[in-house]
Amino acid sequence: MDQNNSLPPYAQGLASPQGAMTPGIPIFSPMMPYGTGLTPQPIQNTNSLSILEEQQRQATQGTSGQAPQLFHSQTLTTAPLPGTTPLYPSPMTPMTPITPATPASESSGIVPQLQNIVSTVNLGCKLDLKTIALRARNAEYNPKRFAAVIMRIREPRTTALIFSSGKMVCTGAKSEEQSRLAARKYARVVQKLGFPAKFLDFKIQNMVGSCDVKFPIRLEGLVLTHQQFSSYEPELFPGLIYRMIKPRIVLLIFVSGKVVLTGAKVRAEIYEAFENIYPILKGFRKTT
Amino acid sequence: MPGRGRCPDCGSTELVEDSHYSQSQLVCSDCGCVVTEGVLTTTFSDEGNLREVTYSRSTGENEQVSRSQQRGLRRVRDLCRVLQLPPTFEDTAVAYYQQAYRHSGIRAARLQKKEVLVGCCVLITCRQHNWPLTMGAICTLLYADLDVFSSTYMQIVKLLGLDVPSLCLAELVKTYCSRVSFTQPGVQWHHHSSLQPGTHGLKRSAHLILPKCSFKLFQASPSVPAKYVEDKEKMLSRTMQLVELANETWLVTGRHPLPVITAATFLAWQSLQPADRLSCSLARFCKLANVDLPYPASSRLQELLAVLLRMAEQLAWLRVLRLDKRSVVKHIGDLLQHRQSLVRSAFRDGTAEVETREKEPPGWGQGQGEGEVGNNSLGLPQGKRPASPALLLPPCMLKSPKRICPVPPVSTVTGDENISDSEIEQYLRTPQEVRDFQRAQAARQAATSVPNPP
């Protein structure tokens with residue numbers, strides 16, 4: 001099976017800190033256009049600021065000319081990203097929520113947990129879904145309902161939709177590496193069923209994270225001050241839908257303080273979006 | 001004109017082309033003699049450059065208004081008239097509909113969606129003028145599904161980039177209280193015969209949604225005892241106070257507004273004459289008042305009563321009465337009068353409290369009561385202090401979580417591990433299993449293909 005394991009030059013340039021090629025630091029998909037695909041280690045770095053700093057350090061060294069429009073670092077030491085100017089607004093300003101340049105001690109200390117990763121991969125050959133459904137234990141195929149085989153594996157606990165064109169969607173993983181491993185396992189199953197499956201164009205399409213700010217939020221107030229980004233219709237849905245422009249993430253904010261972030265292609269976008277929204281949410285805490 | 005010939009009568013060369021109606025003629029300008037006449041009818045090839053211009057192009061309209069758009073615009077106007085909205089609303093709603101129609105996604109949408117779009121445009125117009133129209137009301141009028149309405153509404157707001165304000169709760173309370181009436185169902189039918197013709201398809205009971213219906217409000221009738229009749233103004237003011245109290249104590253945020261208003265109206269009505277009305281249940285009240293009972297209204301009612309009970313605990317003369325959810329209704333008037341200070345003393349700020357709770361060790365919960373004495377603003381002696389203030393939090397935060405979500409263990413997966421063959425084998429059927437499965441499938445096919453087994 002042809003696994004896209006060879007690293008392009010820029011990914012190798014990200015090999016600082018030294019020894020980054022150890023299994024401890026996962027290599028993200030080389031197909032990503034941006035170089036900042038390194039997943040920070042959740043064990044050590046609970047402070048989200050250091051994650052952003054690490055990313056920025058690697059971005060400045062590894063970016064292949066494309067502006068990584070992924071984040072504003074709170075300490076913008078290098079040249080500012082094109083098209084973005086570091087502003088210092090107060091949290092109550094109803095403007096695009098750019099991270100205020102506050103010292104590191106003010107970062108929320110809460111790290112969103114990833115709940116779901118959706119990825120796609122091309123197996124590179126036409127598949128006979130009937131054969132797959134017949135000879136695989138973990139497959140279901142109901143052509144009248146949906147034109148794909150639904151396959152599940154136990155470890156990592158994921159579900160895959162396998163189409164007759166050879167394209168596959170893998171959902172349910174809790175991290176990028178798990179998603180990649182699961183996709184490889186599905187491809188291996190298809191291979192063992194007799195098809196010349198490859199592993200082409202693995203790409204993370206969507207990441208969903210969630211966290212809890214642990215205080216109630218006045219959604220009516222939030223929709224008043226951030227009208228251009230928020231949509232709050234209690235007749236339809238109990239949460240407020242906040243469409244952040246930078247990074248392009250959709251947040252579902254609930255009165256209990258739970259926040260769901262979705263629409264990210266890389267983990268850093270989720271962290272950045274949460275760091276952007278946290279000061280705004282704090283501003284709505286004391287109103288009772 | 002030179003070169004055109006001469007007039008046979010006077011010999012002048014001044015011939016002009018002048019059409020007599022649609023017939024072109026060459027006429028001598030001196031004597032008026034008609035020299036030549038064009039044919040009255042033309043052939044198709046002759047008409048090459050004389051093709052007629054369509055009305056819409058001749059009037060300069062850029063596009064034709066399609067029939068389905070015309071139908072939609074008519075529906076918008078009908079809906080505005082049925083709801084008795086001010087005339088300016090109609091023009092705004094029509095403009096929104098036309099604006100929406102310019103997008104190809106809307107033009108190609110199904111008729112069901114276009115029908116719902118009519119409701120969306122009217123709703124947006126009402127919201128922008130703070131006119132309290134609920135989505136449920138529009139869906140009832142248009143016989144539309146709320147899911148379809150919701151997706152179309154979100155899509156159109158995004159597409160047109162509109163700024164739609166939230167539903168105005170105060171106005172909705174006023175509308176709702178006006179709607180609550182105690183007359184016989186038959187009487188209401190009489191009032192809507194003035195509906196415009198052609199408003200078919202719009203539910204006949206539109207009058208139930210009209211904000212300013214002037215039925216015989218609050219008058220006794222055979223089905224409504226005299227004790228149940230209430231003055232509209234008193235009920236409106238008390239309901240408003242109760243809704244404000246609910247809003248302050250986190251009962252409104254994130255919830256559908258209508259059940260809260262139903263519960264508040266019921267409580268207000270009960271509290272104005274508790275002796276006679278405590279026996280009436282919420283369901284019966286809604287039936288008598290001829291309004292729907294929304295499902296969450298009973299739980300909103302319980303939550304509101306719990307808040308009132310907590311407030312009652314702060315008043316010494318009520319504490320000794322040991323009130324419960326029924327008896328507290330008698331004192332709602334007093335509680336509402338002092339609600340600002342009572343809420344402040346009955347509840348401590350949940351937002352700050354949750355933070356401190358995080359930082360304290362877990363065994364702190366028991367010592368909470370003692371710790372609160374110092375904070376207590378009433379400053380009563382130790383033995384007689386009121387119940388320790390409860391946290392002012394939304395009910396969803398006060399309930400214990402349904403299931404504890406464990407933090408997933410940190411995985412050390414790299415994505416590039418070796419995948420063992422045995423692991424993959426477990427997902428493949430053995431040849432024997434394949435044969436069994438095929439046999440079972442064939443048997444099932446045979447069974448289903450026989451229509452009437454003997």
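Below, chains carry the letters A, B, ... as their sequence lines are ordered, and counting in each starts from 1. Keep in mind the model is a prediction, meaning the values are calculated, not measured.
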Task: Residue part contacting chain B, namely of A/Ser231, when any heavy atom lies under 4.5 Å - done: side chain
- [ ] Find the one option among B/Asp147, B/Val434, B/Asp163 whose heavy-atom pairs under 4.5 Å with chain A are most numerous.
- [x] B/Asp163
Task: Close side-chain approach of B/Leu308 to B/Leu245, heavy-atom, < 4.5 Å - done: yes
Open item on the list: Looking at A/Lys214, is its backbone amide N or carbonyl O close enough to the side chain of A/Asp212 to form a donor-acceptor pair, meaning the two atoms are under 3.5 Å apart?
Closed with: yes
Task: Test: A/Arg218 cationic atom under 6.0 Å from B/Trp250 six-membered ring centre, within 45° of axis - done: yes
- [ ] Sort A/Leu236 into side chain, backbone, both or neither according to what part of it lies under 4.5 angstrom from a heavy atom of chain B.
- [x] side chain
TODO: Name the region of A/Ala133, side chain, backbone, both or neither, that has any atom closer than 4.5 Å to a heavy atom of chain B.
DONE: backbone
Task: Which atoms of A/Ile217 approach chain B - backbone, side chain, both or neither, heavy atom under 4.5 Å - done: backbone
- [ ] Between chain B and each of A/Leu219, A/Ile153, A/Leu224, count heavy-atom pairs under 4.5 Å; write down the option with the most.
- [x] A/Ile153
Open item on the list: Report which part of B/Asn247 has an atom under 4.5 Å of a heavy atom belonging to chain A: side chain, backbone, both, or neither.
Closed with: both
Task: A/Phe199 six-ring face occupied by A/Arg184 cation (under 6.0 Å, within 45°) - done: no
Open item on the list: Looking only at heavy atoms and a cut-off of under 4.5 Å, which of B/Val157, B/Val252, B/Thr253 has the most pairs with chain A?
Closed with: B/Thr253
Open item on the list: Looking at B/Arg127 and B/Glu171, is any side-chain nitrogen of the basic one under 4.0 Å from a carboxylate oxygen of the acidic one?
Closed with: no
Task: Leading residue by heavy atom contact count with chain A [cutoff under 4.5 Å; candidates B/Gln438, B/Gln426, B/Arg255] - done: B/Gln426
- [ ] Look at B/Tyr427, B/Phe149, B/Phe347, B/Tyr153 and state which one has the largest set of heavy-atom pairs under 4.5 Å with chain A.
- [x] B/Tyr427
- [ ] With a 4.5 angstrom heavy-atom cut-off, could you sort out which part of A/Lys185 is near chain B: side chain, backbone, both or neither?
- [x] both
- [ ] Report yes if the distance between the aromatic ring centroids of A/Phe254 and A/Phe237 is under 6.0 Å, otherwise no.
- [x] yes
TODO: Locate the shortest heavy-atom distance separating A/Gly209 from A/Ile270; write the atom from each residue and the value.
DONE: N-CD1, 3.6 Å
Open item on the list: Atom CG of residue position A/Asn142 - does it have more than 12 heavy atoms of other residues, nucleotides or ligands inside 6.0 Å?
Closed with: yes
- [ ] Against chain B, label A/Val189 side chain, backbone, both or neither, depending on which of its atoms sit under 4.5 Å from a heavy atom there.
- [x] both
- [ ] Could you check which of A/Lys192, A/Gln178, A/Arg243 has the highest count of heavy-atom pairs closer than 4.5 Å to chain B?
- [x] A/Lys192
